[in-house]
Amino acid sequence: MNGWRPRSIGVDPATGKEAFVVARPGGYLETLADLHALEAAAVLVAVVGAVLESGEASDVELAAFVSPLHAALDECVGMMADRVERMDR
């Protein structure tokens, strides 16, 4: 994985636009992006868990979660891979 990729750090409350950074590995902005990714993944897990526990979601509704879950998982795996790559150096 390459640590030099655009990472989201959240939404600017003034403009409503998502803010991205290209963070230096191990730097403050990378930590901020990691926290944002983990918080977003945690919220997504809670929402999907609640929907699954209700047992009333249709296949179409469940399918709508596939793309956001994949994106969150990809981001988290990327974070872990970046850490492992740095440890191997």
Are [X] and [Y] joined in one hydrophobic group, where the rule is that I, L, V, M, F, W and Y side chains link up if heavy atoms are under 4.5 Å apart?
X     : Y     : result
Leu73 : Val48 : no
Leu29 : Leu38 : no
Met79 : Val45 : no
Phe65 : Val43 : yes
Leu62 : Leu44 : yes

Check: Glu75 side chain, Ala71 main-chain N or O, donor-acceptor pair, under 3.5 Å: no
How about [X] and [Y]: do any of their side-chain heavy atoms sit closer than 4.5 Å?
X     : Y     : answer
Thr15 : Asp12 : yes
His70 : Ser67 : no
Leu32 : Val21 : no

In short, His36 meets Ile9 closest at the heavy-atom pair CG-C, 3.9 Å
Please give me the minimum heavy-atom distance between Val51 and Ala57, naming the atom from each residue. CG1-CB, 3.5 Å
Any salt bridge between Arg7 and Glu18, counting N to O under 4.0 Å? no
Determine whether Arg86 and Glu30 satisfy the following criterion, salt bridge (Lys or Arg N to Asp or Glu O under 4.0 Å), listing intermediate values before the conclusion. CA-CA 13 Å; Arg86 280 195 293 247; Glu30 181 185 52; 3.2 Å; yes
